[in-house]
Structure formats: structure tokens, C-alpha cells
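Quick notes on the structure that follows.
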Amino acid sequence: QVQLVESGGGLVQPGGSLGLSCTASGSISSINDMGWYRQAPGNERELVASITSSGRTNYDDSVKGRFTIARDNAKNTVYLQMNSLKPEDTAVYYCTANIWRSFPPYGRYDCWGQGTQVTVSS
């Protein structure tokens, strides 16, 4: 009964920027870590960036200095601002959130968005 809805993907030229957002809704008591993963054809799904409930961030070396992750706890939303995009950033991007449910079945769950395509090409 928890849903993560992403938006913001699309086509952009190398060097351009895109901003992704993901909002969690449903039977949520609290949200722990949130993050963004990506998966390109032929590659494993990899962690791009993560952020704790208090705002501590972590980035993959390939995006550090170019991407920024942020969150709005009041809105249950996580953002990924992507600047200086490169062709190798092309992938399906998935948001994730570790959530304590507020309704049965109670527990802590890793929830995933549906994925949004980011294509960097000239």
C-alpha cells in the first residue's frame, strides 16, 4: 500500500541538466534512507546517491560533483538534480525508500519506484 511515483526523466544533450523527483505515499509511519539507483542495458543496477532522514548524503564516485540529492521530509519526497550530464549517465533511474509501514502488515520495507528513463545524447 506504499507507492513511490517518479517524474522528471527525459532526453537531454551532453552537458545538460535534468531534475528527478520521487514522492512516497500510502501507509507510511516514517521513512529512513532514500536514494536513487540506475540501470543501463547490460549493467547491474547501481546506487547513484542516497540520503538519510537527517540529510546526510552519499554519492557514487561517477556522479560526485555533478549530481545532488535532497529530500523534503514533510512531503515524503526525494530529489536528484543532475548537472553536466554525460552519455554514460543514460539509464533507467529508480528511486527507493526504506519505510516503516503504519498499517498491517507492519514492518520495515524497501520500496521502489517504477523507474524513469534518462537519455543523454546529441
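Values reported hereafter were calculated over all heavy atoms of this structure, with side chains retained and with hydrogens, waters and symmetry mates removed.
Residue pairs meeting the salt bridge (Lys or Arg N to Asp or Glu O under 4.0 Å) criterion with at least one partner in residues 33-58, sequence neighbours excluded, are R38-E46, R38-D89.
Using a 3.5 Å distance cut-off with no hydrogens or angles, the side chains of T52 and S54 do pair a donor with an acceptor.
Every side-chain hydrogen bond (donor to acceptor under 3.5 Å, both in side chains) that S21 has, sequence neighbours left out, goes to S7. In this structure, the side chain to side chain contact (heavy atoms under 4.5 Å, CB included) partners of P104, at least two apart in sequence or on a different chain, are Y106. Partners of K75 under the side chain to side chain contact (heavy atoms under 4.5 Å, CB included) rule, at least two apart in sequence or in another chain, are D72, T77, Y79. The side chain to side chain contact (heavy atoms under 4.5 Å, CB included) check on S102 picks up S27, S29, with sequence neighbours excluded.
When atom types are taken as modelled, the side chain of N73 and the backbone of S53 share a donor-acceptor pair closer than 3.5 angstrom. In terms of modelled atom types and a separation under 3.5 Å, the side chain of E6 and the main chain of G113 share no donor-acceptor contact. Without hydrogens or angle criteria, R101 side chain to S30 main chain gives no donor-acceptor distance under 3.5 Å.
Here the OG1-CD distance, from T116 to Q114, works out to 7.0 Å after rounding to the nearest 0.5 Å. With rounding to the nearest 0.5 Å, the separation of CZ in R66 from OG1 in T68 is 11.0 Å. For the atom pair N76 CG and C22 SG, the distance stands at 10.0 Å (nearest 0.5 Å).
The minimum heavy-atom distance linking Q117 with T90 is given by the pair NE2-CG2, 4.0 Å.
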Next item on the list: Any chance you could lay out the side chain to side chain contact (heavy atoms under 4.5 Å, CB included) test for Y37 and T96, step after step, and finish with the verdict?
Entry: CA-CA 8 Å; Y37 285 73; T96 186; 3.7 Å; yes
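Side-chain contact between P14 and S122 is present, with at least one heavy-atom pair separated by less than 4.5 Å. For the pair N32 and W100, the minimum side-chain heavy-atom distance is below 4.5 Å.
In this structure, I31 shares a hydrophobic cluster with V2, L4, V12, L18, L20, I28, M34, W36, V48, I51, Y59, V63, F67, I69, V78, L80, M82, L85, Y93, I99, V118, V120, the cluster being traced through Ile, Leu, Val, Met, Phe, Trp and Tyr side chains under 4.5 angstrom apart.
The local environment of CZ in F103 is sparse, with at most 12 non-hydrogen atoms from other residues, nucleotides or ligands closer than 6.0 Å.
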